[in-house]
Each structure stands twice: as C-alpha cells, then as structure tokens.
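A quick write-up on the structure given underneath.
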2 protein chains.
Amino acid sequence: MKAPGSTTAVAGATGTSPSEGGERKSINPELWYGCAGPLVSLPPVGSLVVYFPQGHSEQVAATMQKDVDVQIPNYPNLPWKMICLLHNVTLHADPETDEVYAQMTLQPVNTNDKEAFLASDLSPKTNRLQTDFFCKTLTASDTSTHGGFSVPRRAAEKIFPPLDFSMQPPAQELQARDLHDNVWTFRHIYRGQPKRHLLTTGWSLFVSGKRLLAGDSVLFIRDEKQQLLLGIRRANRQPTNISSSVLSSDSMQIGILAAAAHAYANHSPFTVFYNPRASPSEFVIPLAKYNKAIYSHQITLGMRFRMMFETEESGT
Amino acid sequence: MKAPGSTTAVAGATGTSPSEGGERKSINPELWYGCAGPLVSLPPVGSLVVYFPQGHSEQVAATMQKDVDVQIPNYPNLPWKMICLLHNVTLHADPETDEVYAQMTLQPVNTNDKEAFLASDLSPKTNRLQTDFFCKTLTASDTSTHGGFSVPRRAAEKIFPPLDFSMQPPAQELQARDLHDNVWTFRHIYRGQPKRHLLTTGWSLFVSGKRLLAGDSVLFIRDEKQQLLLGIRRANRQPTNISSSVLSSDSMQIGILAAAAHAYANHSPFTVFYNPRASPSEFVIPLAKYNKAIYSHQITLGMRFRMMFETEESGT
DNA sequence: TCCTGTTGTCGGCCTTTCCGACAATTTGG
DNA sequence: CCAAATTGTCGGAAAGGCCGACAACAGGA
C-alpha cells in the first residue's frame, strides 16, 4: 500500500506516457469498481460503519507477506470493533501498477448511543451503476509477443462500437482510457476462419506497458457517453515485499493499532487506506450489514468478520 | 499560429499518450528557449518594448505563406512603431506539432513621456541559464525506420548519465520529458566497431510520434535536477497554409492592425502571439535595444527592423 | 452423444528493429 | 596533408507481429 500521488506514471517500456504528479483528475468510479472486482463495495459517505483494527492490521500483514508478529504490543483500551462515522472516501490507483485502493476518513462515535447504533437501516444498496462491460482472463496467446488479443465474440458485440461489415475484413480503430486517463489505441478486426474478433496493433504495447502476464485480466467498460474504459485485474501473485522501502511490517501494524486507539480515546477522525485486492478480509463494514449478520449468526468476540466467498470471475 | 490549449495531444500512432486539455503545467522555460533556438530572447516582464504592427503583420503573412495583400486598408492613425509596457509573457507549445510560441500582453504608453522613453537602460540581459545541452540535426539514418539514433560521442558523454562500462555492451534506459511533460523512454547502448553511442528501442516511436524528418533537429537538455529534457526544432519547411481552417490571411492581418490601432488610441492593453520560428523578423523589441540601434545606424521611417543574422546551428 | 459455435495455439510470411562491417567525413596535429 | 577519431549507411540476422489453419473446448439438443 502506498500513499497517494507518491510516484510518476510511466506506462510502457518504449511508448510515450503522461507524467502525472499524483492524480490530477478524479478516478472514474465505474472503472475503479470494475478493477476492484465484484466483491468490493464501499459504504456510503455519511453512514455508520464498523471498523476492525485487527482486520486492518491483518490486511497490512497480508500485503507485506508476513504473519502478525508476536512483538506487537497490546492496546488494552482498544476494542476489537469501533463504530465510526464515515466522513469521506476518495478513490485512488497506483500510477505504476494500477492497483486500486481507497482512502477513508473515519470518526469513532459513542457506542452508548443505542439509537444511532440501531437506527441504521439496510444500507441504501450503494447502487453501483451497472454499465455494460466485460472481463477476460488473458491466455498465453493473448500475452505472448507472437499475436494479439482474442476478444470473446459476445463481449465484442456487446461492448465495442459495431463494425462496418461492408469492409473486407471489417476493422476499426478503438480508443480506451485507463484509470489514469491515458488513451490506448487498438486495431479491432474481425477475421480468420472461423471468424473472430481480435485486437492487433497496439495490443502488445498495452501488455508490455501494464506488464501483464497470462492469468491477469483485462476489463472493458462502455460508459454512458459511449466511451470505452479499460482496466486490469492482476492475478493474485506473491505480494511484493515493500517493507524495506518505507517502513517495517511491525512498525506499520503498531502504527495502525496506535492510531485507532488514539482516535477511539479522543473520538477524533483518523484515516485508513483500504486495498480491496490485497486481502479478502474487510475491516470497514456498514453498520447495518454488521447488525444483520449479528442477529442471524451470533458473532463472538475476537471472531473474524469475512465476506462471503463469491467467485471472482464475472462479466459473463 | 494557434490559440493555446486548442487540441488534445495524442503522440505516437500506437502508443499510450496523455490527454491534455490545454496545458495544465507551465512550460519549462529552458526547454522552450532550447526549442526556440539561440536567436530568440523575450523581453523581461515589466520592461518597455517597441511594437511594430507592420512586422507583426508580416510574420502572420509569412506563416500563411502569402505576401501582404494590397487590399489591406490603411490605418492612418496607426504609427509604424508603438512604445509599450510589457505586462505579461506566457510560454506555450502547440500540442500537435510542438511548435513554440509566446503570448504577450502589451499596453501602449505615451510617447511624449521622454523620460521613460530614454530612461530604459540596457535590458538586464535576460539571463538564459546556460544549462548543459546538445542539439543534433537528424540524418537519413536517424529518421529511417531501419535503425536508431546515432548519438554524437561528446554529446552523449556530456549530457547522458554515465554508462556502466562493466556491462558488455554498456547500456541503460534513458527517460526524457518533452514540452508537454510526456516521458519518452529510450535504450541507450554503446556498441559497434568502432564503438559509438546509440539510442535504439523507443527511438522510432519518438520519430513517428513527433513526425520528424531528416533535417529536423533534436535537443537534449540536462537540467539542474539531472533530469533529461527533450525537444525538437523542425527544419524550415513550407509553412502549412492554415488560413482555410480558421481565418483568411487578409482577415488576420486586418485584425492585427485594427487591434493595434484601437489599443494605441485608447492606451489599452492588447495581446499578441509571437512565434519565434515562423519568421526571422521580430516585432517586439526591448526599447533599450531599439534605442541603441537607433543611435548607431539611424533607422528611417518604414525601414524593417531585423535581427542580426546568426547561424542557427548550435550545441557545439 | 453429437453437432455447432467459439476460441486457443501454431506455422508461414512479411515487417520492424538490432547488430557489426565498412567507408565517408571530420578533427587535430 | 596525413592519421586518428567519429559517425552515416548498409547487409544480415533476429524479433515482432499479422494472417488463416486447425483443433480443442463448451454448450445445447
């Protein structure tokens, strides 16, 4: 996990690229959610949430590829869960890796206020506008330098602009924007025997620019303005150990717990970074969802709260 | 000449590219001056300058590849020169062509004020900080798709980061920013028999992206932060006739003269665009420089003011 | 099970790009 | 004016990348 705006985007080993000092434009939420995957939803701003310091700490440990260390001191006054008001959410993407993450500002509220505690109804179902999209896991052929990208037939016909079939073969130029608003250009052609949709020219630059490997996924979205958006989801590979470059895993976990304890004692706002793809455990949950789970399953102290498992593949 | 921020940069036929709505960051002055060439200097903001409406009109005519038309009406109250206060200067570069130009805000001052007229001393020699750079005119081999870019030996050793000569062959990745802050990446290798410095991978993308031809020049600057900057100077080719796309040559010249006449009559500020490479005639001159020329040569009414000719090749 | 539609991989071939050879040119005595 | 250093151009070779062939696979009858 990195602080936002920490680096300069350099896309492509050989191509041109913009140099963004941080993120000058706001991230497109549709594309962010697409890259985050179908399991991820963020609580609405202004709602009450439950924050689990332990789960947060675990996510960092997972990112750092390290188990929770026994040397972490105890914070006797830190509860295992904290009811908080969600003040603010901003979406981000690492300019180097396209990894998506969110920054949330939380403020602990008084748990004795039973009214607020129980008043929160079912979250207004954060309506993730379901625009048209498709997601394909890349094959060896897709990522090899030998050829282009084989587009699933139904996906191409649903998402891409229609081809002019009077041409032989039918072909067009596609442009798509990624999370950083970079434009990628591809030749889209319908050819071969049997006929199929392919992306040829421009594809290899995208693969090398994003450093994609077989097993990673690409995501095309057609937004309400008929613009194409383009994102990636990397396969779960070994997380890179970035502790040496910034802070040790131990220090980060101590920092998380200490920050939570301080905020809890003072009812003061604090900030967390949530990396949806780093770990399946969520550590910020809508209060309504939590209450619902409580009444149906009886969560006991110290139990870990996990999302139900759903398959990650999506996009028909 | 175009208005600033008129287009979206899309560099390279196939690569990634930023989408800049106008210029979000200010242009790097060192690089701007490098691209403008050694003859160009801009008067300092706040100084007094002499503005030549006729010279301005001629520059536009040269840009439009058209002689001054006889149908231009006379402006009897428009003097052949106007003493002005230079309020503001902003540097620009066309996002499509990298053509550099400057926007200046001028305000006519009372010529009767002899004091101001004579008080202006020698301009404080706009100290164009002489950082390290080199400029090479591209050969047929440099621009053909057959190979890469042959880097003059001394230039490479002066400007580029030193190679690790324990490698065989010594090579590294170079990154350089252009006027729009796009990053270009090149493989820099020292090889061949006899040994020479070459830019290989990435070079052809730059050539096609900037649409460079043999005879055009490239410019590498190493700034004070050891960052590489990269610019181009196009050979003087036939100017493109852009009159049809915006305004006729006649209309533009009438507009220039009318605007100058109006500003002169009202002592009100007006704006001019100065394109240093479009024409050798300057139409905004520091007053001090003008006075100096006056006393040595006796300029007569209607005479054209031209810079002394210097060779354009530079960079040792 | 079989049929049909879809798509992953491959050989063939052309283009692009990397390499050192060599000669043309420049520089410095 | 000659010798050494530099660098422009080229043939050969390797890699990139477009093409349809074909077979593997998936889904429905």
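The sequence lines fix the lettering, A, B, ..., with proteins before strands; numbering per chain opens at 1.
Checking side-chain atoms of A/Asp98 against main-chain N and O of A/Ala93 turns up no donor-acceptor pair under 3.5 Å. In this structure a side-chain-to-backbone donor-acceptor pair under 3.5 Å is missing from B/Arg153 to B/Lys195. When atom types are taken as modelled, the side chain of A/Arg177 and the backbone of A/Gln227 share no donor-acceptor pair closer than 3.5 angstrom. Although no hydrogens or angles enter the test, the distance criterion places a donor-acceptor pair under 3.5 Å between the side chain of A/Arg222 and the main chain of A/Lys158. For the pair A/Trp203 (side chain) and A/Asp142 (backbone), a donor-acceptor distance under 3.5 Å is present.
By the side chain to side chain donor-acceptor pair (under 3.5 Å) test, A/Asn28 pairs with no residue at all, sequence neighbours left out. Remark: A/Ser144 engages no residue in a side chain to side chain donor-acceptor pair (under 3.5 Å) (not counting sequence neighbours). Scanning for side chain to side chain donor-acceptor pair (under 3.5 Å) contacts around B/Gln172 gives B/His188, with sequence neighbours left out.
Between B/Pro169 and B/Ser204, the residue anchored nearer the 5' end of DNA chain C, judged by the nucleotide with its closest heavy atom, is B/Ser204. Looking at which nucleotide of DNA chain C each of A/Thr139 and A/Arg154 is closest to, the 5′-most match is held by A/Arg154.
Looking at heavy-atom distances under 4.0 Å, A/Ser150 makes contact with sugar-phosphate atoms alone, never a base. Across all strands shown, B/Ser141 has heavy atoms under 4.0 Å from base atoms, whether or not it also approaches the sugar-phosphate.
Stem analysis of DNA chain C (Watson-Crick or G-U pairs, both distances under 3.5 Å, runs of at least three) returns C:1-29 with D:1-29.
Reading DNA chain D from its 5' end, the first and the last nucleotide to sit under 4.0 Å from a heavy atom of chain A are D/dG16 to D/dA23.
For C/dG8, the OP1/OP2 oxygens have a side-chain nitrogen or oxygen of A/Lys136 closer than 4.0 Å.
In the region residues 190-199 of chain B, proximity to DNA chain D at under 4.0 angstrom, judged on heavy atoms, holds for B/Pro194, B/Lys195, B/Arg196.
Interface remark: the A/His146 side chain does form a donor-acceptor pair with the C/dG11 base, using a distance-only criterion of under 3.5 Å.
Using cut-offs of 30° and 60° on the angle between ring planes, the pair B/Phe160 and B/Phe134 is perpendicular. Relative ring orientation between B/Phe165 and B/Tyr190 is described as perpendicular, the plane-to-plane angle rising above 60° on a 0-90° scale split at 30° and 60°.
Between A/Lys210 and A/Asp216 no salt bridge is recorded (no basic side-chain N to carboxylate O distance below 4.0 Å).
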